[in-house]
Protein chains: 2
Amino acid sequence: MARAGLTTERLTEAGAALSDEIGFERATLSELARRFDVKVASLYSHVRSSEDLRIRVALLALEEMADRGDTALAGRAGKDALIALGNVYRDYAREHPGRYDAAQMRLDPQTAASSAGPRHSQMMRAILRGYDLTEADQTHAVRLLGSVFNGYVGLERSGGFSHSTPDSQQSWDRILDSLDTLLKGWPAP
Amino acid sequence: MARAGLTTERLTEAGAALSDEIGFERATLSELARRFDVKVASLYSHVRSSEDLRIRVALLALEEMADRGDTALAGRAGKDALIALGNVYRDYAREHPGRYDAAQMRLDPQTAASSAGPRHSQMMRAILRGYDLTEADQTHAVRLLGSVFNGYVGLERSGGFSHSTPDSQQSWDRILDSLDTLLKGWPAP
DNA sequence: TCCATTTGCCTAATAGCCTTAGGTAGATAG
DNA sequence: CTATCTACCTAAGGCTATTAGGCAAATGGA
């Protein structure tokens with residue numbers, strides 16, 4: 001019997017593609033096996049469980065977004081950098097909805113710590129160096145940025161404000177603009 | 001055979017309680033049937049499908065949060081109101097994690113329109129009347145508030161910033177504070 | 001090149017959840 | 001008190017996940 005040439009990486013990549021195509025929820029091991037024309041049990045040589053694969057897809061998505069973030073931030077600072085990073089998340093979610101959903105998974109602390117998660121915090125901190133904040137305020141601001149980026153993209157994806165005026169793009173621009181203003185004049189406690 | 005006295009409402013309520021207890025994902029019809037000491041098929045007289053129940057739990061959660069919001073906003077305005085509403089979401093998520101997860105479901109436009117979703121927008125608009133914003137800017141600001149509230153609670157729940165300093169409460173206070181400042185001096189386009 | 005080992009994929013089997021079809025007994029109404 | 005309704009049941013089929021054990025293809029050492 002011909003071998004399909006499965007590897008953990010290939011399965012993860014295919015799982016990610018499948019998630020984008022039919023949704024993270026519907027991307028099952030069974031469906032994956034069907035696509036590779038292989039029996040489900042065969043996948044267990046490369047992946048510990050269904051959950052294991054989903055975590056791998058989540059980690060892949062986090063890495064990909066971090067990579068895009070690095071690229072986007074190169075040579076930018078201040079408001080430019082802020083906008084660039086925000087767009088990384090928003091664009092990624094549009095292009096890869098399944099992967100983006102995967103990235104929202106709650107990872108256990110161990111896994112989260114060794115994921116690209118910390119890279120995301122680092123990128124936000126890098127942006128904040130363009131503003132004048134104390135160490136503690138930088139942390140608060142990182143959390144604010146994370147909340148706004150994740151929150152906005154999430155609401156946009158759940159259709160919260162499609163087909164209503166003003167359109168989503170305008171709000172997005174306006175929100176990034178006001179975040180910049182806020183960071184420039186970050187209020188004293 | 002004694003009857004269990006099932007109704008759609010009772011199942012929805014039990015589904016919500018079960019979600020809080022074992023997680024929204026794990027709250028299955030099978031488990032629900034077990035709790036009521038009833039066969040799974042019996043539930044189908046009261047609920048169309050597994051998905052149907054999950055949507056009902058989501059709608060319940062949205063209603064409950066809106067009710068809490070109304071109560072919290074009564075007699076408050078400006079920054080007080082902002083803080084009060086923010087805490088409604090944060091506290092609700094802590095007290096009812098399963099329900100909160102349910103509320104994140106992507107509902108189809110029909111269902112979303114007839115849900116308590118619009119009440120949430122209305123509450124935010126009510127708060128913004130305490131600030132001086134144009135109609136369009138009010139919409140942008142509603143979206144910003146929604147993003148921050150949802151985003152922050154989501155990140156907090158996924159363990160993003162537990163066990164790190166400054167603690168999450170401080171960031172939350174600081175962020176609400178800065179949102180207030182931002183709204184007071186909302187930048188011109 | 002041949003043999004030994006590894007390993008990639010298979011079959012078989014179990015278990016859990018979801019869903020539909022059709023039956024029965026307890027509640028309800030005329 | 002009977003007729004209808006309906007709440008719950010049994011039975012059965014389908015999909016997903018997971019484990020155990022087997023065979024054949026690939027791999028590497030002599």
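Values below: every heavy atom of this structure, side chains too, minus hydrogens, waters and symmetry copies. Labels below follow one simple rule: chain letters A, B, ... track the order of the sequence lines, proteins then strands, and each chain is numbered from 1.
- If you measure from atom CG of A:L53 to atom P of D:dT18, you get 11 Å, rounded to the nearest angstrom.
- In this structure, A:E25 atom CD and D:dC15 atom P are separated by 20 Å, rounded to whole Å.
- In this structure, A:D52 atom CG and D:dT19 atom P are separated by 11 Å, rounded to whole Å.
- Rounded to whole angstrom, the span from the CG atom of A:L6 across to the C1' atom of D:dA26 amounts to 15 Å.
- Listed nucleotides C:dC17, D:dT18, C:dT19 differ in distance to B:T28; the shortest reach to its side chain belongs to C:dC17.
- Distance from the side chain of B:Y44 is smallest to C:dC18 among C:dC18, D:dT10, D:dT18.
- The side chain of B:A41 has D:dT10 as its nearest neighbour among C:dA12, D:dT10, C:dC17.
- D:dT16 atom C1' lies 14 Å from atom NZ of A:K39, rounded to whole Å.
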Can I get a per-line list of side-chain donor-acceptor pairs under 3.5 Å for residues 32-45 of chain A, giving both atom names and the distance, sequence neighbours left out?
{"from": "A:R34", "atom 1": "NH1", "to": "A:E31", "atom 2": "OE1", "distance (Å)": "2.3"}
{"from": "A:R35", "atom 1": "NE", "to": "A:E31", "atom 2": "OE2", "distance (Å)": "3.1"}
{"from": "A:R35", "atom 1": "NH1", "to": "A:E21", "atom 2": "OE1", "distance (Å)": "3.0"}
{"from": "A:R35", "atom 1": "NH1", "to": "A:E21", "atom 2": "OE2", "distance (Å)": "3.2"}
{"from": "A:R35", "atom 1": "NH2", "to": "A:E31", "atom 2": "OE2", "distance (Å)": "3.4"}
{"from": "A:S42", "atom 1": "OG", "to": "A:K39", "atom 2": "O", "distance (Å)": "3.2"}

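- When the side-chain nitrogen and oxygen atoms of A:S30 are compared with OP1 and OP2 of D:dA17, one or more of them lie within a distance under 4.0 Å.
- One side chain, B:S171 or A:R143, offers a donor N or O that lies under 3.5 Å from an acceptor on the other.
- Heavy atoms of B:R26 sit nowhere under 4.0 angstrom from any nucleic acid atom.
- For the pair B:E13 and B:R99, the salt-bridge criterion is met [side-chain N within less than 4.0 Å of a carboxylate O].
- Minimum atom distance to the side chain of A:S42 is reached by C:dC10, of the listed D:dC8, C:dC10, C:dG8.
- The residue B:S45 sits close to a base: some heavy atom pair falls under 4.0 Å.
- Atom CG in B:L29 sits roughly 10 Å away from atom C1' in C:dT19 (whole-Å rounding).
- Side-chain atoms of A:R34 lie closest to D:dT16 of the nucleotides D:dT16, C:dC9, D:dA7.
- Here the P atom of nucleotide C:dG16 and the CG atom of B:L43 are 17 Å apart, to the nearest Å.
- The distance from atom CZ of B:R54 to atom C1' of C:dC17 is 13 Å, rounded to the nearest whole Å.
- Here the two rings, on B:W172 and B:Y152, have centers that are under 6.0 Å apart.
- A:S50 has a side-chain polar atom (N or O) that falls below the 4.0 Å cut-off from OP1 or OP2 of D:dA17.
- Salt bridge A:E135/A:R125: present, at least one basic N to carboxylate O contact under 4.0 Å.
- Close to C:dC9, at under 4.0 Å from its OP1 or OP2, lies a side-chain N or O of A:H46.
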